[in-house]
Amino acid sequence: MHRVLVPVDRNVQRATRQAEFVTAMPCAPDELEVKVIHVNEADYEGARPREFDDIEAATTAVEMIEDADIECEGEMWEGNIARNILDAAEEFDADQLVMAGRDRSGVAKVLLGSVSQDVVLSTDRAVTIIG
């Protein structure tokens with residue numbers, strides 16, 4: 001079983017590209033186990049809690065992956081985004097993380113967003129960055 005963690009933000013286009021990558025992986029659907037997570041980093045104390053189903057990008061990714069007959073679940077995490085992605089990867093025992101890059105200025109950040117960069121530099125797990 002190959003376990004894939006797919007951390008998504010609120011951008012539906014990026015989540016769609018992540019899900020497309022997962023569904024195109026060169027293995028049988030029953031050889032994959034996927035978890036899509038969204039980390040809600042509350043901007044202030046007392047912020048309204050959000051549910052996973054409130055995040056369109058997250059639910060879109062889960063639906064696309066499930067439509068490909070791949071076992072997939074979704075979870076909401078709260079707090080620091082990079083730290084929670086790393087913790088979720090550990091808890092899920094992920095073999096691979098599939099993250100979306102963002103267009104940023106600067107040579108090092110052309111393909112990676114700051115969260116993606118933090119995760120890549122902080123894990124020994126395979127990380128695939130989808131452009």
If you look at every heavy atom in H38 and A58, which pair is closest and at what distance?
CB-CB, 4.5 Å
For the backbone of I81 and the side chain of N84, can you confirm whether one donor and one acceptor N or O come within less than 3.5 Å of each other?
no
Residue E73 excluded, over 12 heavy atoms near CD under 6.0 Å
yes
Please tell me whether L86 and L97 are part of a single hydrophobic cluster in this structure, the criterion being side-chain heavy atoms less than 4.5 Å apart.
yes
Distance-minimising heavy-atom pair for A57 and V8:
C-CG2, 4.4 Å
Tell me every residue that passes side chain to side chain donor-acceptor pair (under 3.5 Å) with E91, counting only those two or more places apart in sequence or in another chain.
none
Would you list the atom pairs, donor with acceptor, under 3.5 Å between side chains in residues 123-131 and any protein atom, with sequence neighbours excluded?
{"from": "T123", "atom 1": "OG1", "to": "R125", "atom 2": "N", "distance (Å)": "3.1"}
{"from": "R125", "atom 1": "NH1", "to": "A94", "atom 2": "O", "distance (Å)": "2.6"}
{"from": "R125", "atom 1": "NH2", "to": "E90", "atom 2": "OE1", "distance (Å)": "3.0"}
{"from": "T128", "atom 1": "OG1", "to": "Q96", "atom 2": "NE2", "distance (Å)": "2.7"}

CG of L121 to CG of D118, rounded to nearest 0.5 Å, is 7.0 Å
Between the CG atom in N40 and the CD1 atom in I55, the distance rounded to the nearest 0.5 Å is 6.5 Å
Using a 3.5 Å cut-off and no angle test, enumerate the donor-acceptor pairs between side-chain atoms of residues 18-33 and protein atoms at least two apart in sequence or in another chain.
{"from": "Q18", "atom 1": "NE2", "to": "P7", "atom 2": "O", "distance (Å)": "2.9"}
{"from": "Q18", "atom 1": "NE2", "to": "V98", "atom 2": "O", "distance (Å)": "2.8"}
{"from": "T23", "atom 1": "OG1", "to": "A19", "atom 2": "O", "distance (Å)": "3.2"}
{"from": "T23", "atom 1": "OG1", "to": "E20", "atom 2": "O", "distance (Å)": "3.1"}
{"from": "E31", "atom 1": "OE1", "to": "A28", "atom 2": "N", "distance (Å)": "3.4"}
{"from": "E33", "atom 1": "OE1", "to": "R3", "atom 2": "NH2", "distance (Å)": "3.4"}

Quick one: pull up CE in M99 and CZ in R17 and give me the separation to the nearest 0.5 Å.
13.5 Å
Minimum heavy-atom separation for G101 and R14, please, with both atom names.
O-CD, 3.6 Å
Taking V39 as the starting point, is it possible to reach V115 by hopping between hydrophobic residues whose side chains are less than 4.5 Å apart?
yes
Is the shortest side-chain heavy-atom distance between F52 and I37 below 4.5 Å?
no
Gap between atom OG of S116 and atom CD1 of I85 - 0.5 Å precision
7.0 Å
If you round to the nearest 0.5 Å, how far is CG of D87 from CH2 of W77?
5.5 Å
Give, for atom OG1 of T59 and atom CD of E51, the distance between the pair rounded to the nearest 0.5 Å.
13.0 Å
